[in-house]
Amino acid sequence: MATTESSSEEMRGRTQQSPLASQRAKEAGETQPGRFQQWFPLSAKDGFSQWWAGTSPAATEHRVLSFVPYLQKPPTHTKTGSAPVSRTPSSADVSAPPSAVEDHTTTTSITDPHGPRRWNSEMVELSGRGRALNEFSIERIGEDVDNNLVMLHGYGAGLGFFYRNFEAISRAKGWKVFALDLLGMGRSSRPTFRIHAKDKEGKITEAENWFIDALEEWRIKRGLERFTLLGHSLGGYLAVAYALKYPGRLNKLILASPVGIPEDPDAVNEDMPDPQDSTLANEFTQDAAETRNGVPPSTADNNNFLNQRKKGEEAAKNQPPRRRLPGWVTTLWEANMVSPFSLVRWSGPLGPRLVSGWTSRRFSHLPEEEATALHDYSYSLFRQRGSSEYALGYLLAPGAFARNPLIRRIQGVGRQWIEPHDAPTVDGDAPKKCHKARAKSPAPSATSASASFASRQGERENGIPIIFMYGENDWMDVAGGFASEEKINQEQKRILAEVTPDERKRDNGSVKVVIINKAGHHVYLDGWEQFNKVMLEEMADVERRERRR
């Protein structure tokens, strides 16, 4: 979005100087700052100013979405779940949403060559106390909505991270696009996260249900019978869990660098992976600028779960056991008393500087204005009250390996029995009666759920297309995608061997792995042009398949 010079300067004064400054100084041959400032480039003065200003998540989301082409004045509802109160009123609101609530904006065919389109921002209230999802949607005006796309972000992020995808993807005719903040993240409400189960399996199930039950209740409120689901990173993990627990709802599943697919014995056995092998840490250390030119980051070869096994096999038997994380870190992680964002909240005025250590590397390939806006957006989200971020310890070990790896369950996606499920588990070859759900979070309306299942009880899904997307320099291991592809194909072959030729012809299952060139983990942002092209191709494929139905 074009902004005036004065507005740009005012914005920087209220928030931060560009966290990319140290990198650009390096390129220009200027004297480099000390080691701390290299890792956390935001100055102490600017960090304090940003902490003191306490810019709201609504304002920072609005600023990020203003970079969407043809949407210089994006809609932004003003309600944010459990946002911290600003310490001082702001005198300049160049990045703030309008003083009056504007929950929708319409672009015309004159101002929008791909319009007219209606852009909507809304907080969708769910059942139970303090449960609501932040929603951003785009709908084409004058066209029937034949298909729906739902987009889920990764851990601790928000729907604003998809700002480079919304415009291109919403060009598809007959589609409505929804982006959601996961419950307890982004601008969604942040209810207290509690687990009641005592056993390991029950804890994992309850943590997964926390997110996917909210998604299902949102689906019911929106009246969507079937939709295409895109999930990035943790959003990809939860998208798989949703597909398993709520069969018959998806017509395609797109997993962008999903977390939790490979199996690691230490994660499954609740042991601690070696810190050097902790792929989660690479999210905060990988420099996107290195991947921009197709140069693999230094961590690229160290995150492969197959490489880890190989390293273990090659290690001499007389070598000492691999180093563990400090005991106090282990205790806090297992007790879910610490998250990557706890330190940001605890550190007060130092928080913006700590966040700049991540944003300066993650967004180093973006124009300065966009990188600055994403830093402000990230900090405003990270500093909010902790909620579902504490689910991470139940789902993942201190690394990106899952407690209950998806490689054990991925073959069930699109092959479940159409009946109520109490957990994201894989069905057997015969339907079974659902037992009482263990999750304590409010469930979707039983009446609505029963009615929607009634006509298809006892029917089994006949497969759905599943797409895995990884960046060329992704720290998430692409081998997990290829292993999943093999397992899904084996399950399809096994099932189709026992059905009639007509049933075999109607089977809708397929799977493929796509590599986004010169992209890291955030494939939708690092390689946004190719990502958008792939998405439009997959959406066109959905249209063809739906017409055949």
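Position 1 is the first residue of the sequence; numbering continues from there.
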Does a side-chain N-to-carboxylate-O contact under 4.0 Å join Arg222 and Glu122? yes
Taken to the nearest 0.5 Å, the spacing of Arg403 CZ from Leu392 CG works out to 9.0 Å
With a 4.5 Å cut-off on side-chain heavy atoms, are His196 and Glu206 touching? yes
Flag the pair Asp376 / Val64 as yes when at least one side-chain heavy-atom distance between them is below 4.5 Å, and no otherwise. no
Between Arg190 (side chain) and Gly186 (backbone), is there a donor-acceptor pair under 3.5 Å? yes
Presence of salt bridge, Glu491 and Arg415, under 4.0 angstrom: no
So does Asp427 pair up with Arg460, basic N to acidic O under 4.0 Å? no
Does any non-hydrogen side-chain atom of Thr425 lie less than 4.5 Å from one of Leu244? no
Just so I know, are the side chains of Met469 and Ser257 near enough to count as touching, which here means a heavy-atom distance under 4.5 Å? no
So, Tyr242 versus Glu216: side-chain donor-acceptor pair below 3.5 Å or not? yes
Main chain of Gly130, side chain of Ser189: is a donor-acceptor contact present, judged purely on distance under 3.5 Å? yes
Asp181 side-chain N/O to Leu159 backbone N/O, donor-acceptor pair under 3.5 Å: yes
What is the distance from atom CD of Gln416 to atom CD of Glu459, rounded to the nearest 0.5 Å? 13.5 Å
Distance-minimising heavy-atom pair for Gly202 and Ala197: C-CB, 3.4 Å
Arg226 bridged to Glu461 by N-O distance under 4.0 Å: no
Using a strict threshold of under 4.0 Å (side-chain N to carboxylate O), is an ion pair present between Glu208 and Lys245? no
Could you pull out the closest heavy-atom pair between Thr192 and Arg385, with the gap in Å? N-NH2, 4.3 Å
Are side-chain heavy atoms of Thr228 and Ile254 found at a separation under 4.5 Å? yes
Which residue in the set Glu486, Glu538, Glu485 passes salt bridge (Lys or Arg N to Asp or Glu O under 4.0 Å) when paired with Lys512? Glu538
Side chain to side chain contact (heavy atoms under 4.5 Å, CB included) between Met151 and Ile169: does it pass, once the steps are laid out? CA-CA 11 Å; Met151 307 170 73; Ile169 292 175; 4.2 Å; yes
Drop me the distance from Leu229's CG to Leu224's CG, to the nearest 0.5 angstrom. 11.0 Å
Looking only at atom types and distance, does a side-chain atom of Gln530 sit under 3.5 Å from a main-chain N or O of Ile515, one as donor and one as acceptor? yes
For the atom pair CD1 (Ile407) and OG (Ser484), what is the distance rounded to the nearest 0.5 Å? 3.5 Å
Just jot down the salt bridge (charged side-chain N to carboxylate O under 4.0 Å, His left out) partners of Glu125, sequence neighbours excluded, or say none. Lys79
Answer yes or no: is there a donor N or O on one side and an acceptor on the other, between the side chain of Thr205 and the main chain of Glu201, under 3.5 Å? yes
Is the distance between the ring centroids of Phe482 and Phe468 less than 6.0 Å? no
Begin from the C-alpha positions of Tyr163 and Trp528 and carry the test ring pair (Phe, Tyr, Trp, His ring centres under 6.0 Å) through to its verdict. CA-CA 10 Å; Tyr163 76 100; Trp528 60 277; 8.9 Å; no
Pick out which of Val542, Val413, Val511 makes a side-chain contact (heavy atoms from CB on, under 4.5 Å) with Ile464. Val413
If you take the centroid of each ring, where Trp contributes its six-membered ring, are Phe136 and Phe166 closer together than 6.0 Å? yes
Min side-chain heavy-atom separation Met185-Ser387 under 4.5 Å: no
Might you point out which heavy atoms bring Arg383 and Gly54 nearest each other, and give the distance in Å? NH1-CA, 4.0 Å
At what distance, to the nearest 0.5 angstrom, does CG of Leu381 lie from OG1 of Thr60? 5.5 Å
Taking ring-ring contact (aromatic ring centres under 6.0 Å, His included) as the criterion, tell me which of Phe531, Tyr524, Tyr237 meets it with His232. Tyr524
Start with the C-alpha gap between Lys221 and Leu126, add the side-chain angles, then the distance that decides, and say whether side chain to side chain contact (heavy atoms under 4.5 Å, CB included) holds. CA-CA 8 Å; Lys221 293 201 73 168; Leu126 305 179; 4.2 Å; yes
Mark yes or no for whether Ser388, through its side chain, and Leu183, through its backbone, hold a donor-acceptor pair below 3.5 Å. yes
Value for CE (Met535) from CE (Met539), rounded to nearest 0.5 Å, stands at 6.0 Å
Residue pair Asn508 / Arg545, side-chain donor-acceptor N/O under 3.5 Å: yes
Counting only N and O atoms by type, is there a donor-acceptor contact under 3.5 Å from the side chain of Arg409 to the main-chain atoms of Asn404? yes
When you look at Tyr377 and Glu61, which way does the side chain to side chain contact (heavy atoms under 4.5 Å, CB included) test go after all the steps? CA-CA 6 Å; Tyr377 179 53; Glu61 179 189 273; 3.7 Å; yes
Tell me, with the steps shown, if Leu395 and Leu234 meet side chain to side chain contact (heavy atoms under 4.5 Å, CB included). CA-CA 10 Å; Leu395 302 178; Leu234 179 65; 4.2 Å; yes
Is it true that Asp507 and Gln492 share a donor-acceptor pair across their side chains at a distance under 3.5 Å? yes
Could you report the tightest heavy-atom contact between Pro352 and Pro349, atom names first, then the distance? CD-O, 3.4 Å
Kindly say whether Gly428 contributes a backbone atom to a donor-acceptor pair with the side chain of Trp417 at under 3.5 angstrom? yes
Between the side chains of Glu135 and Ser121, is a donor N or O closer than 3.5 angstrom to an acceptor N or O? no
Looking only at side chains, do His375 and Ser356 share a donor and an acceptor under 3.5 Å apart? no
Before giving the answer on ring pair (Phe, Tyr, Trp, His ring centres under 6.0 Å), spell out for Phe178 and Phe227 the whole-Å C-alpha distance, their side-chain angles and the decisive distance to 0.1 Å. CA-CA 10 Å; Phe178 296 92; Phe227 61 97; 8.8 Å; no
Using a strict threshold of under 4.0 Å (side-chain N to carboxylate O), is an ion pair present between Asp199 and Lys203? no
Note: Glu389 and Gly386 closest approach over all heavy atoms is OE1-CA, 3.5 Å
Measure the shortest side-chain to side-chain distance between Ile495 and Glu498 over non-hydrogen atoms and say whether it is less than 4.5 angstrom. no
For the residue pair Asn134 / His77, report whether a side-chain donor-acceptor contact shorter than 3.5 Å exists. yes
Check whether any side-chain N or O of Arg504 sits under 3.5 Å from a backbone N or O of Leu496 as a donor-acceptor pair, and report yes or no. yes
Does the separation of the ring centres of Trp475 and Tyr470 fall below 6.0 angstrom? no
Please check this pair: side chain of His522 against backbone of Gly520, looking for a donor-acceptor N/O pair closer than 3.5 Å. no
Do Lys252 and Leu230 touch side chain to side chain, with heavy atoms closer than 4.5 Å? no
Pairing of Asp213 and Arg131 as salt bridge, 4.0 angstrom limit: no
